[in-house]
Colleague: 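I have a structure here, written as structure tokens, and I will follow up with some questions on it.
Note that the coordinates shown come from a computational prediction; the quantities given were computed from them, not determined experimentally. Chain identifiers are assigned alphabetically (A, B, ...) following the order of the sequence lines, protein sequences preceding nucleic acid strands; residue numbering begins at 1 within each chain.
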Amino acid sequence: MSEEASGRKDLAAVRGTRDILPGEVEKWQALEGLARATFELYGFRELRAPVFEPTELFEKGTGSTSDVVVKEMYTFTDKGGRSLTLRPEYTPSVVRAIIEHRLDLEGAPMRYYYMGPMFRYDKPQKGRYRQFHQIDIEVFGEKDAAVDAEIIEMAHALLGRLGVEGTETLVNSVGCRAGRPAYSAALREAAKGRLSDLCADCQRKAETNPLRIFDCKIETCREIAAAFPSIQDFLCAECRDHFARLLACLDVLKIPYRVDPRLVRGLDYYTKTTFEIVSSGLGAQNALLGGGRYDDMMKDFGGPDVCGTGFAMGIERVLSVAEIAGPVRKILYVAYLGEEAMKAGLELARFFRANGVECLIEYKDRGMKGHFGRANKLQAARVLIVGPDEMAKGRFGLKDMATGKQVDGSREEILALLLEK
RNA sequence: GUGGGUGUAGCUCAACGGUUAGAGCAUCGGACUGUGGAUCCGAAGGUUGGGGGUUCGAUUCCCCUCACUCACCCCA
């Protein structure tokens with residue numbers, strides 16, 4: 001049966017992955033270029049880490065109770081018997097690299113960015129894939145809430161350059177390890193008091209993750225949850241000051257935001273600041289980017305006590321709402337007549353390419369009409385005409401396909417014309 | 001992992017349970033052997049996602065499976 005099966009389906013890209021084809025890939029390149037240019041303005045440098053890491057890295061970093069680690073990792077055993085995992089997120093890798101190379105001792109600003117694929121075994125839907133791509137930025141060693149505001153502003157700057165509109169910035173503080181357990185307990189207590197009035201889903205959340213009751217869409221649950229204690233009341237003095245300073249700096253940078261006490265985020269390691277930028281142009285998966293502060297991870301890894309803060313931006317999601325276009329290509333199509341002219345055209349193509357002109361020659365014998373039809377099909381900007389007559393004179397034709405105007409000249413004269421616009 | 005929707009040519013879509021599954025666009029060839037977009041003619045392209053069942057007969061009805069898609073969950 002399997003040998004009879006249609007090859008086409010069997011060889012399709014696996015579930016949750018997809019090809020990015022010419023025509024679309026130019027948008028990716030444009031986005032990546034704008035991201036690099038923007039981050040470099042803020043003093044960030046690229047840091048490339050491996051696509052897979054020891055499974056333990058994510059268990060300790062991302063958190064062994066997070067959904068990502070519990071049920072979404074691509075984990076496998078290699079031939080040496082090691083348990084490895086295709087990274088579901090990037091932050092633990094950067095932290096590992098800093099410790100491994102003692103980058104904290106170099107004195108350079110620890111501002112890093114990276115873009116590449118991440119892997120999570122989720123059920124695919126709009127804006128959610130099993131191999132997806134993130135742009136990730138991290139800053140280490142800056143305790144001041146000002147840097148949290150700075151990276152949020154940097155995210156805005158990038159989204160602005162990408163033509164993304166209709167976004168909202170949500171910020172919150174989840175406190176530190178001192179205050180958070182107390183808040184969870186208080187929330188659980190409050191939920192127990194109204195348990196019978198909550199929906200079945202929320203009754204379950206009351207046990208497993210009381211913070212998520214705030215996310216329920218049922219009206220009665222929302223009303224009940226509105227009366228629950230706010231995390232703001234459980235922050236220690238230091239966390240409260242940190243959060244106030246974040247908001248003050250966002251005001252200085254003129255970043256509009258909304259404080260959302262429900263914004264907890266699913267990764268275990270966040271402390272103090274959490275934030276998210278959401279878009280109205282997406283479906284249920286509406287977060288364009290999310291991040292926050294993680295002051296304990298480095299220490300928990302057995303490294304120096306260096307704090308961190310950063311965010312991850314989903315490339316697929318941003319592209320679906322971005323207004324960017326790839327560069328306009330101005331292809332020069334080489335039209336020739338006959339074998340000798342083909343060889344002359346081949347050499348002319350080499351010459352023009354060596355001088356920076358995108359040039360296309362195809363090895364199919366066509367008449368002049370056929371060549372022009374093909375050039376038109378390819379949306380070539382110009383056609384170079386090489387025939388026996390041209391070769392005899394050493395002067396070739398150059399036709400502008402948009403205007404229909406045609407001139408002739410030596411190859412140097414034509415090159416000059418090609419380069420001037 | 002749980003639900004709903006959808007799978008017919010490269011793309012967008014037709015076809016009451018009944019002959020050889022069609023159309024537009026795209027592709028290729030010709031009209032047209034030194035100058036494009038047009039027009040006309042023609043060709044090629046399908047195990048109707050896959051498997052099983054009901055039926056004299058299934059693209060159509062039923063079941064399973066796979067994929068896509070939307071939502072839950074979670075997150076980028």
Colleague: From B:C73, B:U35, B:G37, pick the nucleotide closest to the side chain of A:N376?
Modeller: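 Looking only at side-chain atoms, A:N376 lies closest to B:G37.
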
Colleague: If pairing requires Watson-Crick or G-U wobble contacts with both distances under 3.5 Å, which nucleotide is the partner of B:G18?
Modeller: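 For B:G18, the partner nucleotide comes out as B:C56, under the 3.5 Å rule.
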
Colleague: Looking across every strand, which nucleic acid part, if any, lies under 4.0 Å from A:A375 by heavy atom: base, sugar-phosphate, or nothing?
Modeller: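 It contacts nothing in the nucleic acid.
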
Colleague: In whole angstrom, give the distance that lies between atom CZ of A:R366 and atom P of B:G34.
Modeller: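 Going from CZ in A:R366 over to P in B:G34 covers 15 Å.
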
Colleague: Where the side chain of A:Q285 is concerned, which of B:G36, B:C73, B:A76 is the nearest nucleotide?
Modeller: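 The nucleotide sitting nearest to the side chain is B:C73.
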
Colleague: Provide the distance between the two P atoms, one in B:C64 and one in B:C41, to the nearest whole Å.
Modeller: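 49 Å, rounded to whole Å.
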
Colleague: Can you find a side chain N or O atom of A:K123 that sits less than 4.0 Å from OP1 or OP2 on B:C68?
Modeller: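 So the side chain of A:K123 is outside the cut-off, no N or O lying under 4.0 Å from OP1 or OP2 of B:C68.
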
Colleague: Assess the side chains of A:T309 and A:E138: does a donor N or O sit below 3.5 Å from an acceptor N or O?
Modeller: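 A:E138 and A:T309 do not have a side-chain donor-acceptor pair below 3.5 Å.
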
Colleague: Any idea which of B:U35, B:A76, B:G34 is nearest the A:L337 side chain?
Modeller: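 When the side chain of A:L337 is considered, B:G34 is the closest of B:U35, B:A76, B:G34.
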
Colleague: Please give the distance between the C1' atoms of B:C16 and B:C73 as a whole number of Å.
Modeller: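 Going atom to atom, C1' in each nucleotide, I get 43 Å.
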
Colleague: Looking at A:K369 and B:U33, is any side-chain donor or acceptor paired with a base atom of the opposite kind under 3.5 Å?
Modeller: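 By the distance-only test, no, there is no pair.
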
Colleague: Looking at every strand, decide which applies to A:G397 at a 4.0 Å heavy-atom threshold: base, sugar-phosphate, or nothing.
Modeller: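 If one applies the 4.0 Å heavy-atom cut-off, A:G397 turns out to touch nothing in the nucleic acid.
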
Colleague: In whole angstroms, how far is the P atom of B:A76 from the CZ atom of A:F132?
Modeller: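 For the pair A:F132 CZ and B:A76 P, the rounded distance is 7 Å.
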
Colleague: I need the CG-P distance between A:N286 and B:A71, as an integer number of Å.
Modeller: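 So the two atoms are 10 Å apart, to the nearest Å.
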
Colleague: Would you classify A:G16 as touching base, sugar-phosphate or nothing, given that sugar-phosphate means primed atoms plus P, OP1 and OP2, and contacts are heavy atoms under 4.0 Å?
Modeller: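 Sugar-phosphate contact only.
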
Colleague: What is the distance, rounded to the nearest whole Å, between atom CD1 of A:I277 and atom P of B:A76?
Modeller: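 After rounding, the gap between these two atoms is 13 Å.
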
Colleague: Of the options B:U69, B:A76, B:U35, whose atoms approach the side-chain atoms of A:I385 most closely?
Modeller: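 The nucleotide sitting nearest to the side chain is B:U35.
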
Colleague: Just how far, in rounded Å, is C1' of B:G10 from CG of A:L21?
Modeller: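 The answer, rounded to whole Å, is 13 Å.
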
Colleague: Atom CZ of A:R87 and atom C1' of B:A76: how far apart are they, to the nearest Å?
Modeller: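 To the nearest whole Å, that distance equals 13 Å.
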
Colleague: What contact category does A:G370 fall into here, base, sugar-phosphate, or nothing, at under 4.0 angstrom with non-hydrogen atoms?
Modeller: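 Nothing, no nucleic acid heavy atom in range.
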
Colleague: Across the strands shown, which category fits A:G387 at heavy-atom distances under 4.0 angstrom: base, sugar-phosphate, nothing?
Modeller: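 A:G387: base contact, heavy atoms under 4.0 Å.
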
Colleague: Could you tell me how far B:G53 sits from B:C11 if I compare only their P atoms? Round to whole Å.
Modeller: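 It comes out at 30 Å once rounded to the nearest Å.
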
Colleague: Start with the C-alpha distance between A:E46 and A:R48, add both sets of side-chain angles, then the distance that settles salt bridge (charged side-chain N to carboxylate O under 4.0 Å, His left out), and finish with yes or no.
Modeller: CA-CA 6 Å; A:E46 184 168 7; A:R48 301 191 189 191; 2.9 Å; yes

Colleague: Testing A:Q232, A:R258, A:E276 one by one against A:N172 for a side chain to side chain donor-acceptor pair (under 3.5 Å), which residue passes?
Modeller: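 Among A:Q232, A:R258, A:E276, the one that satisfies the side chain to side chain donor-acceptor pair (under 3.5 Å) with A:N172 is A:Q232.
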
Colleague: Counting heavy atoms from C-beta on, name the nucleotide in B:U35, B:A76, B:A71 closest to the side chain of A:R128.
Modeller: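 Taking heavy atoms from C-beta onward, the closest nucleotide is B:A76.
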
Colleague: Which heavy-atom pair separates A:P256 from A:T169 by the least distance, and what is that distance?
Modeller: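 Result for this residue pair: O-CB, 3.6 Å.
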
Colleague: Work out how far the C1' atom of B:G7 is from that of B:A14, and round it to whole angstrom.
Modeller: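 The same atom, C1', in both gives a distance of 15 Å.
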
Colleague: So which nucleotide does B:U33 pair with, by the Watson-Crick or G-U wobble rule with both distances under 3.5 Å?
Modeller: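 The base-pairing partner of B:U33, which may sit in any strand shown, does not exist here.
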
Colleague: With ring centroids as reference points, do A:F44 and A:Y113 lie under 6.0 angstrom apart?
Modeller: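 They do not qualify: ring centres at least 6.0 Å apart.
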
Colleague: Nearest to the side chain of A:E390 - B:G34, B:G37, B:A71?
Modeller: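 Of all the options, the side chain of A:E390 is nearest to B:G34.
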
Colleague: Counting side-chain heavy atoms from C-beta on, which of B:C68, B:C72, B:G34 comes nearest to A:R15?
Modeller: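 Ranking B:C68, B:C72, B:G34 by closest atom to the A:R15 side chain puts B:C68 first.
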
Colleague: Applying a 3.5 Å limit to both distances, which nucleotide forms a Watson-Crick or G-U wobble pair with B:U47?
Modeller: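 Paired with B:U47, as far as the under-3.5 Å criterion goes, is no nucleotide at all.
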
Colleague: Please determine, for the side chain of A:Q125, which listed nucleotide (B:G1, B:C72, B:G34) has the closest atom?
Modeller: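 Closest nucleotide to the A:Q125 side chain: B:C72.
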
Colleague: Under a 3.5 Å limit for both distances, which nucleotide forms a Watson-Crick or G-U wobble pair with B:G7, could you say?
Modeller: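 The base-pairing partner of B:G7, which may sit in any strand shown, is B:C66.
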
Colleague: Indicate, with a heavy-atom threshold strictly under 4.0 Å, whether A:K377 touches base, sugar-phosphate, or nothing.
Modeller: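 Sugar-phosphate, backbone atoms only, no base.
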
Colleague: When you compare B:U6 with B:C13, how far apart are their P atoms, in angstrom units rounded to a whole number?
Modeller: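 So the two P atoms sit 14 Å from each other.
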
Colleague: So what's B:U12 paired with, Watson-Crick or G-U wobble, going by both distances under 3.5 Å?
Modeller: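 The base-pairing partner of B:U12, which may sit in any strand shown, is B:A23.
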
Colleague: Looking at side-chain heavy atoms only, is the closest gap between A:F76 and A:L84 below 4.5 Å?
Modeller: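 Answer yes - side chains close enough.
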
Colleague: Looking at B:A71, which nucleotide sits across from it as a Watson-Crick or G-U wobble partner, both distances under 3.5 angstrom, or is there none?
Modeller: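 B:A71 is paired, partner B:U2.
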
Colleague: With both distances under 3.5 angstrom, what nucleotide forms a Watson-Crick or G-U wobble pair with B:A38?
Modeller: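 When the pairing criteria are applied, nothing turns out to pair with B:A38, so the answer is none.
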
Colleague: Base, sugar-phosphate or nothing for A:R120? Non-hydrogen atoms, less than 4.0 Å.
Modeller: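 Base contact - A:R120 has a heavy atom under 4.0 Å of at least one base atom.
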
Colleague: For the side chain of A:K71, counting heavy atoms from C-beta on, which of B:G37, B:U27, B:C73 is nearest?
Modeller: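 Within the option list, the nearest is B:C73.
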
Colleague: Using the closest heavy atom to pick a nucleotide of RNA chain B for each, name whichever of A:T17 or A:Y129 lands nearer the 5' end.
Modeller: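 Per heavy-atom nearest nucleotide, the more 5' residue is A:T17.
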
Colleague: Just how far, in rounded Å, is P of B:G34 from CG of A:L398?
Modeller: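 Atom CG in A:L398 sits about 20 Å away from atom P in B:G34.
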
Colleague: Does a donor on one side chain and an acceptor on the other come within less than 3.5 Å for A:D148 and A:T273?
Modeller: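 The criterion, which ignores hydrogens and geometry beyond distance, is satisfied for A:T273 and A:D148.
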
Colleague: B:G37 and B:C25: how far apart are their C1' atoms, nearest whole angstrom?
Modeller: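 Per the computed distance, 16 Å lies between those C1' atoms.
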
Colleague: Given B:A76, B:G34, B:C68, which nucleotide is nearest the side-chain atoms of A:D389?
Modeller: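 So the side chain of A:D389 is nearest to B:G34.
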
Colleague: A cation-pi test, strictly: NZ or CZ of A:R411 under 6.0 Å from the centre of the six-membered ring of A:F351 and no more than 45 degrees from its axis. Yes or no?
Modeller: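 Positive - A:R411 is close enough to the ring of A:F351 and near enough to its axis.
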
Colleague: On a whole-Å scale, what distance lies between the C1' atoms belonging to B:G22 and B:U2?
Modeller: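 Comparing C1' positions in B:G22 and B:U2 gives a spacing of 40 Å.
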
Colleague: When you match A:R317 and A:Q406 each to their closest nucleotide on RNA chain B, which lands nearer the 5' end?
Modeller: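 Looking at RNA chain B, the more 5' nearest nucleotide goes with A:Q406.
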
Colleague: Please state how far atom CD1 in A:I137 lies from atom C1' in B:A76, giving the value in whole angstrom units.
Modeller: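 Spelled out: CD1 on A:I137 to C1' on B:A76 is 14 Å.
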
Colleague: Report the residue from A:Y183, A:F243, A:F228 that forms a ring-ring contact (aromatic ring centres under 6.0 Å, His included) with A:F234.
Modeller: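 Result: among A:Y183, A:F243, A:F228, A:Y183 is the only option passing the ring-ring contact (aromatic ring centres under 6.0 Å, His included) with A:F234.
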
Colleague: Give me the distance, rounded to whole Å, that separates B:U48 from B:A67 when you measure between the C1' atoms they each carry.
Modeller: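 These two C1' atoms come out 16 Å apart once rounded.
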
